[in-house]
Structure formats: C-alpha cells, structure tokens
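In this text, all values refer to a predicted model and were calculated from it rather than measured experimentally. Just so it is clear: chains get the letters A, B, ... in the order the sequence lines come, proteins before strands, and each one is counted from 1.
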Number of protein chains: 2
Amino acid sequence: MLTPEKPRRKSAHDRLMQAAMSLFYDHGITGTGIDAIVERAGVAKKSLYNNFSSKADLVNQYLEARHAEWLGLYDKRVATANNPRERILAVFDAYQDHAEFAYERGFRGCGLLNAAAELEAGDTGRAAVRRHKEQVESILAQHLGDLLPNDPDRAKSLAEHIAFLLEGAMARAGLEGNSKRLLAARAVVRNMVEGL
Amino acid sequence: MLTPEKPRRKSAHDRLMQAAMSLFYDHGITGTGIDAIVERAGVAKKSLYNNFSSKADLVNQYLEARHAEWLGLYDKRVATANNPRERILAVFDAYQDHAEFAYERGFRGCGLLNAAAELEAGDTGRAAVRRHKEQVESILAQHLGDLLPNDPDRAKSLAEHIAFLLEGAMARAGLEGNSKRLLAARAVVRNMVEGL
DNA sequence: TAAAATAGGTATACCGGTCTGGCTACTTGG
DNA sequence: CCAAGTAGCCAGACCGGTATACCTATTTTA
C-alpha cells in the first residue's frame with residue numbers, strides 16, 4: 001500500500017491558524033501571546049515566524065479566516081433556501097451555526113467584532129472587519145431587492161435595519177454567553193419579511 | 001478671602017479615573033498599562049494602589065463610571081421629553097451625546113461593550129456590562145409599556161427589538177468611526193413608534 | 001542512481017522592553 | 001504630627017521577536 005502523498009500531520013501553518021482561531025476568540029488578541037499560540041499549536045516559535053511575518057500578520061490572516069468561515073456556513077445555508085425570505089434567514093442561521101459549533105470554550109459573540117473592539121483606530125484589521133459587515137449587509141440588500149423589485153430604497157433601508165438587528169442580537173448574545181437573543185432576532189426578522 | 005474647601009487640584013482618585021476613562025476607551029483595557037495611566041494622570045504609582053486595590057478594581061470602577069456617565073446623559077435628555085415616544089428617542093440621544101462630546105481621539109463605539117469584548121468569560125466586569133444593557137432595555141420597555149398599556153407582551157418584544165437596533169447601530173458606528181449609523185437607527189425607531 | 005542542495009520542521013536560548021505590583025524614602029498641607 | 005502625596009527602584013513574569021543549531025524529507029543535479 002503506497003500512500004506517498006499523505007502528510008500524517010497538518011502543516012505548521014494550519015496548526016498555528018487553528019490555535020490562533022481558538023485563542024484569539026477566547027482570550028482576545030492583546031490577551032493572547034505568541035508563546036501561548038505556539039504552545040497550543042505544538043510548534044516551534046521559529047515556525048510561526050517562518051509562516052507569518054509578525055503577530056499583526058497572523059491577526060490579519062485570522063480575521064480573513066473568520067470571514068471565510070462565516071461565508072462557508074452561509075453558502076451551505078443559502079443553498080437549501082428556496083426563496084428570498086429563506087435566504088435572508090440563512091444569514092441568521094449561518095451565525096447560529098457559528099455560535100453552536102465553532103467554539104469549544106463558550107460563546108462570546110462575533111469574533112470579528114470583538115477583535116475590532118480592541119484594535120487601534122488606524123489598524124488595517126478594523127477595515128477588514130468593516131468589509132465583512134458591509135458584505136453581510138449587502139447580501140441582505142440583495143435578497144430584499146429580489147423581494148421588493150419596485151422599491152430599491154426601501155430594500156436598502158430594510159437591509160440596514162435587519163443588519164442592525166443581527167449585529168445587536170449577536171452583541172447581546174455574546175454578553176449573555178448563549179444564542180437565545182440571536183433566535184429572538186431571527187423571529188423578529190421572519191415576521192418582518194413575511195408581509196413583504 | 002478664606003477658601004478653605006477648594007482643592008485647587010483634583011484628588012488622585014479623580015485624576016486616575018479620568019485618565020482611565022480616556023485610555024481604556026482609546027486603547028482597550030489589556031492594551032493600557034498601569035504606567036500609562038499614572039503618567040496621564042500625573043500621579044505617583046503608589047497613589048494608584050492607595051486608591052484602587054488592583055488594575056482589575058480600577059477596571060470595575062471604570063465600567064461603573066461609564067454606566068453612570070450614560071445614565072446622567074439620559075437623565076438630562078429624558079427630562080426635556082414630553083411623551084413616551086420622545087423618551088424612547090432620548091435613549092438614542094444619550095448615546096449620541098456620548099459619541100459627540102465624550103471622546104477626544106475619535107469615536108469607537110460603546111466603551112462598555114468594547115470592554116466586555118476583551119474581558120475573560122468569567123470576569124465580573126462582563127456582568128456589569130450586562131446589567132447596563134439590561135437596564136437600557138428595561139428603560140425602553142417601561143416607555144413602551146406607557147405607550148401600549150393593553151399589550152405588555154408586545155411592549156416587551158418591541159423593547160428588545162429597539163435594544164437590538166440601538167446596539168447594532170452603535171457597533172457599526174464604532175467600526176466606521178462616526179455616529180451616522182446611530183442617527184439612521186434613531187430614524188427607524190422614530191418611524192416605528194410613530195404608529196403606536 | 002547517488003550525492004548534494006533545499007525547504008521546512010524541531011528545540012532552546014536569548015534580546016530589550018513592558019507588565020502588575022510592592023517597596024523605600026522624602027515632601028507637603030491641614 | 002500625620003495622612004496623603006511625591007519619585008523612583010525592584011522583582012518576577014511575560015511581551016514580540018531573533019539567533020543558533022540540528023533534523024528529515026523531498027527534489028535537483030552530476
């Protein structure tokens with residue numbers, strides 16, 4: 001049995017990113033040191049600096065990975081939705097999936113927003129988080145445009161409204177350590193779009 | 001002219017708290033060191049540990065002070081409101097006042113929520129932030145109860161809805177560095193309560 | 001084909017600097 | 001006189017980041 005192309009161990013890069021995903025989310029970015037990351041990854045410190053140019057670089061790649069992670073969950077959810085209303089709710093479901101499965105040590109809200117909260121004003125990471133939130137709002141606007149083809153202004157305004165509900169519910173859910181508030185917001189939105 | 005009760009210089013406690021308010025908001029809690037606080041306050045490090053038992057104690061008092069600060073702004077706004085609808089909007093106006101006047105180095109969203117984002121899961125500070133958010137929601141519920149005396153369930157549900165809008169708009173506003181989103185949420189809420 | 005070069009991993013030690021917190025010794029105002 | 005302030009040093013841990021040296025696959029080349 002020749003298995004020539006099977007690395008039995010993940011690359012240092014992957015192990016480091018996995019460790020960063022967990023530690024940055026649980027303890028924050030400033031609260032997580034390089035040493036803790038390499039220890040969790042089971043990797044030499046040199047390997048971190050072979051794969052990332054600095055901690056800031058690792059943080060930026062972490063933010064991109066979180067964004068991609070949510071996009072993947074959303075893509076799965078939206079694939080099984082049959083109309084614009086369900087596709088809007090798919091946005092909430094994707095965050096719900098995030099909340100339920102992605103975190104081992106308890107739910108703490110949106111990792112991207114939490115990260116942005118402790119980044120300095122001019123940090124490029126803040127812009128990445130902002131792009132993510134704008135993409136979510138733009139996805140909502142697109143589905144609402146399908147639902148209200150004759151009233152694009154109202155579609156845009158409703159997208160902002162729903163984005164606020166989503167963000168606010170996530171924030172409260174993170175504070176409370178569970179996703180009940182997220183479910184409440186989803187129910188509000190279901191009622192909102194029902195009448196469109 | 002005897003001016004026996006006029007300390008020409010604020011107490012070390014007040015100067016420390018003022019420095020903490022500014023630095024914790026701008027650079028985060030973990031990102032702000034003791035030395036930076038005492039330097040900004042123009043105070044000896046010993047004075048910090050005379051007035052606060054630890055940095056965690058200072059952080060907790062900081063969170064309480066921020067809560068009290070918002071309550072003061074809200075009290076001012078609600079005093080000039082003439083009906084439940086205006087009193088609901090006063091909640092938004094208080095946050096707007098916060099955004100416009102309280103921060104010298106740029107708006108970064110809700111200081112309490114930002115702080116909670118970087119506190120560990122079990123930290124008592126997170127509970128303080130949660131109490132603040134629950135009080136805001138309870139204020140909204142009270143005014144909506146005045147507006148809908150025959151439908152307490154709907155009042156409660158609307159209070160949660162509006163609290164989400166407020167929180168989500170604050171989060172987005174903080175990301176974007178200005179309070180436009182807060183104004184947008186206020187407008188949405190004004191329309192919502194208009195028809196009640 | 002066999003030797004050499006390369007890429008990426010490992011482990012350990014170290015750098016200057018900052019962290020929280022405690023300490024001494026001196027000064028000042030009521 | 002004394003409480004509360006001052007300046008500054010120190011300990012021990014941790015910060016991000018670098019340096020050195022070794023190991024082991026794979027790949028290139030003579």
Fill in: Length of the NE2-C1' vector between H27(B) and dT18(C), whole Å
16 Å
Practice prompt. Whole angstrom is fine here: how far is it from CG in N50(B) over to C1' in dA7(D)?
Written response: 14 Å
Fill in: Lys/Arg-Asp/Glu bridge criterion (N-O < 4.0 Å) met for R186(A), D93(A)
yes
Worksheet item: Ring centroid separation for H98(B) and F107(B), is it under 6.0 angstrom?
Response: no
Restricting both atoms to N or O, compile the protein contacts to nucleotides 14-16 of chain D shorter than 3.5 Å, with distance only.
| unit_1 | atom_1 | unit_2 | atom_2 | d |
| --- | --- | --- | --- | --- |
| dG16(D) | OP1 | K55(A) | NZ | 2.7 |
| dG16(D) | OP2 | I34(A) | N | 2.5 |

Discussion item. I need the NZ-P distance between K10(A) and dG9(C), as an integer number of Å.
Written reply: 14 Å
Worksheet item: For the pair made of CZ in R15(A) and C1' in dG9(C), what is the distance, rounded to whole Å?
Response: 12 Å
Practice prompt. Report yes if at least one side-chain N or O of N51(A) is closer than 4.0 Å to OP1 or OP2 of dG9(C); otherwise report no.
Written response: yes
Worksheet item: Quick one: does R190(B)'s side chain get under 4.5 Å of R85(B)'s, heavy atoms only?
Response: no
Item to complete: Kindly assign one of parallel, tilted or perpendicular to the pair W70(B) and Y74(B), based on the angle between their ring planes and the thresholds 30° and 60°.
Response: parallel
Practice prompt. Name all residues meeting the ring-ring contact (aromatic ring centres under 6.0 Å, His included) criterion together with Y49(B); count only those two or more places apart in sequence or in a different chain, and write none if there are none.
Written response: none
Practice prompt. Quickly work out the L58(B) CG to dG21(C) P distance and round it to whole Å.
Written response: 10 Å
Practice prompt. Indicate yes or no: does E137(B) engage K156(B) in a salt bridge with an N to O separation below 4.0 Å.
Written response: no
Worksheet entry | Between C1' of dG8(D) and CD of E39(B), the distance in whole Å | 14 Å
Worksheet entry | N or O in side chain of S11(A) less than 4.0 angstrom from dG8(C) OP1/OP2 | no
Worksheet item: Are H27(B) and E118(A) close enough that a side-chain donor and a side-chain acceptor fall under 3.5 Å?
Response: no
Worksheet item: Within this structure, what is the NZ-to-P distance between K46(B) and dA4(D), rounded to whole angstrom?
Response: 11 Å
Practice prompt. Round to the nearest Å and state the distance from D14(B) atom CG to dA4(D) atom P.
Written response: 15 Å
Worksheet item: Should S47(B) be listed as having a side-chain N or O under 4.0 Å from OP1 or OP2 of dA4(D)?
Response: no
